[in-house]
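This report refers to the structure that appears directly beneath it.
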Amino acid sequence: MYTQGLNSNDSAPAAAEDAGKLARFQAKCDAEDKIEPNDWMPGAYRKTLVRQISQHAHSEIIGMQPEGNWITRAPSLRRKAGLLAKVQDEAGHGLYLYSAAETLGIAREEMYEQLLSGKAKYSSIFNYPTLSWADIGAIGWLVDGAAIMNQIPLCRCSYGPYARAMIRICKEESFHQRQGYEIMLTLCRGTAGQKEMAQDALNRWWWQSLMMFGPSDKDSIHSADSFRWKIKRFSNDDLRQRFIDATVPQGHYLGLTFPDPKLRFDAATGHWQHGEIDWSEFKRVLSGDGPMNQERMAHRRRTEADGAWVREAALAHAEKRRQRAAAARQAAE
Ligand code: FAQ
């Protein structure tokens, strides 16, 4: 763990927390100062950050699977190299984020355990299958596009280690979004069959990417606290709307249609109005009943077990080095 900056007790009731410390903490958030690991923070702030950052890290790790599925089937060496780099970036994002969460006093092993035991959440979007190469384009364009929209404001999050991790992550997400859109553009300029494949991918990923922004504002249980603590800057619905406004013209430029008969531009507000999101599907996927939930978790558990010997070997090697260094020190004394 990077730090053990545990200056407050999560189980302590808020009323018992020192009012003066709380006021100073809030003033710091309001002044846009960063909260750092060893600063005092309310238990609930720590808890919400651990929840959000670890969920985000898990999403990056599970999110490698839908695309990893296509690395061996990418249509050219260039596409394979691009996809390989993207999936590696996602592993890196997961690792920065686990590191950021560790600064709040939770061990990485505990977060892994929460994921592997099925107790932790990760983004609903990664429980859908990637059926064709166009899905790789759609994921980059839509899923990474949604991720950027949601994550750029997190670069200004009040918690320093999370904000700093997000700056690098967003730069990489921007490359991911472009590679996805370029795949879609190539398919849409290709044969009729390729364009049809792109349209089919958009049909299957559109509504799911809108769900990435979380429940509608009236059902968002954490938003009020997260706004107060400057973790969130825009509401789930606001960010979703921004994403729709940015993405619909991009889809039209590709010559594609969106699977929403109610989608229309409202000149009075300057926004694209959209149809109802099927929140029952969102809830079903979150409860573990999405098309790929079981496969994703089974694969993650298998990979964890397959990698056990590497971790054991690395620990044994580190121990040997430690013993050799101790012996050398003793000999020199
Ligand atoms: N899926 O009160 P709110 C990526 C849960 S990374 C599953 O509104 P909050 C990169 C939420 O956790 C994608 N659960 O919560 C990539 C809470 O449950 P809890 C992940 C969801 O935290 C691209 C409950 O609903 N991005 O894509 C979802 O204020 C391509 C109530 O919700 C992040 O994690 C969902 N979609 O707002 C990788 C960004 N939405 O904890 C590979 C950071 C909500 O009470 C390939 N996270 N829930 O049990 C955030 O910005 C926020 O956590 C939100 C939710 C906006 C996701």
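In listed order, ligands and their atoms are each counted from 1. Position 1 is the first residue of the sequence, and the numbers go up from there.
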How far is atom 39 (C) of ligand 1 from the closest protein heavy atom, and which atom is that? Asn150 OD1, 3.2 Å

Go through the steps to decide whether Glu182 and Arg178 satisfy the test salt bridge (Lys or Arg N to Asp or Glu O under 4.0 Å), and finish with yes or no. CA-CA 6 Å; Glu182 203 248 336; Arg178 283 177 212 188; over 6 Å; no

Student check: side-chain heavy atoms of Ile183 and Leu187 closer than 4.5 Å: yes

For the 3.5 Å polar cut-off, considering only N or O atoms, please tell me whether Glu90 and ligand 1 meet it. no

Can you list the atoms of ligand 1 that are under 4.0 Å from a heavy atom of Pro215? 8 (O), 31 (C), 32 (O), 44 (C)

Give a yes or no on whether a salt bridge exists between Glu32 and Arg233, defined as a side-chain N under 4.0 angstrom from a carboxylate O. yes

Heavy atom of Phe227, distance to ligand 1 below 4.0 Å: no

So for Tyr122 against ligand 1, with non-hydrogen atoms under 4.0 Å, the contacting part is backbone

Any nitrogen or oxygen of Ser226, side chain or backbone, less than 3.5 Å from one on ligand 1? no

Salt bridge between Asp237 and Arg240, side-chain N to carboxylate O under 4.0 Å? yes

So do the side chains of Lys232 and His222 get within less than 4.5 Å of each other, counting heavy atoms only? no

Among His56, Lys283, Lys232, whose heavy atom sits nearest atom 29 (O) of ligand 1? Lys232

Are Arg204 and Tyr128 in a cation-pi setup, meaning NZ or CZ lies under 6.0 angstrom from the ring centre and within 45 degrees of the ring axis? no

Are Lys86 and Asp144 within salt-bridge range, i.e. N to O under 4.0 Å? yes

Which protein heavy atom lies closest to atom 26 (N) of ligand 1, and at what distance to 0.1 Å? Gln151 NE2, 3.6 Å

Which of the atoms of ligand 1 are close to Ser123, meaning less than 4.0 Å from one of its heavy atoms? 1 (N), 7 (C), 13 (C), 20 (C), 36 (N)

State, to 0.1 Å, how close Ala134 and Met197 come at their nearest heavy-atom pair, and which atoms those are. CB-O, 3.4 Å

Proximal atoms of ligand 1 relative to Phe213 (non-hydrogen, under 4.0 Å): 56 (C)

Output yes when Asp39 and Lys34 qualify as a salt bridge under the 4.0 Å nitrogen-oxygen rule, no when they do not. no

Is any side-chain heavy atom of Asn236 less than 4.5 Å from a side-chain heavy atom of Ser223? yes

Shortest protein contact, atom 18 (O) of ligand 1 (heavy atom only): Lys121 NZ, 3.0 Å

Side chain, backbone, both or neither: which part of Ala147 comes within less than 4.0 Å of ligand 1 when only heavy atoms are counted? side chain

Asn236 versus ligand 1: do any nitrogen or oxygen atoms come within less than 3.5 Å of each other? yes

Please determine if Met211 has a nitrogen or oxygen closer than 3.5 Å to a nitrogen or oxygen of ligand 1. yes

Show which atoms of ligand 1 fall inside a sub-4.0 Å distance from at least one heavy-atom site of Tyr162. 43 (C)

Between His252 and Phe265 (judged by ring centroids, cut-off 6.0 Å), do the two rings come close enough to count as a pair? no

Look at atom CZ of Arg301 and say whether more than 12 heavy atoms of other residues, nucleotides or ligands are closer to it than 6.0 Å. yes

Can you tell which part of Phe234 has a heavy atom less than 4.0 Å from ligand 1: side chain, backbone, both or neither? neither

What protein heavy atom sits nearest atom 30 (C) of ligand 1, and how far off is it? Asp144 OD2, 3.4 Å

Closest approach of any protein heavy atom to atom 14 (N) of ligand 1, naming residue and atom: Leu286 CD2, 3.4 Å

Less than 3.5 Å between some nitrogen or oxygen of Glu60 and one of ligand 1, yes or no? no

CZ/Arg228: more than 12 non-hydrogen atoms of other groups inside 6.0 Å: yes

Salt-bridged, Glu319 to Arg324, with N to O below 4.0 Å? no

Short N or O distance, His222 and ligand 1, threshold 3.5 Å exclusive: yes

Is the shortest distance from atom 54 (C) of ligand 1 to a protein heavy atom below 4.0 Å? no

Heavy-atom nearest option to atom 10 (C) of ligand 1, drawn from Glu67, Glu173, Arg240: Glu173

Scan side-chain atoms only and decide if Gln65 and Glu295 contain a donor-acceptor pair under the 3.5 Å cut-off. no

Could you say whether the N/O atoms of Ile221 and ligand 1 ever approach to under 3.5 Å? yes

Is any side-chain heavy atom of Phe126 closer than 4.5 Å to a side-chain heavy atom of Val143? yes

Any idea which atoms of ligand 1 are less than 4.0 Å away from a heavy-atom of Ser220? 2 (O), 3 (P), 8 (O)

Please list the nearest protein heavy atom to atom 40 (N) of ligand 1 with its residue and the distance rounded to 0.1 Å. Gly214 CA, 3.1 Å

Starting from atom 35 (C) of ligand 1, find the nearest protein heavy-atom neighbour and note its residue, name and distance. Phe282 CE1, 3.6 Å

For atom 57 (C) of ligand 1, closest protein heavy-atom neighbour: Met212 O, 4.1 Å

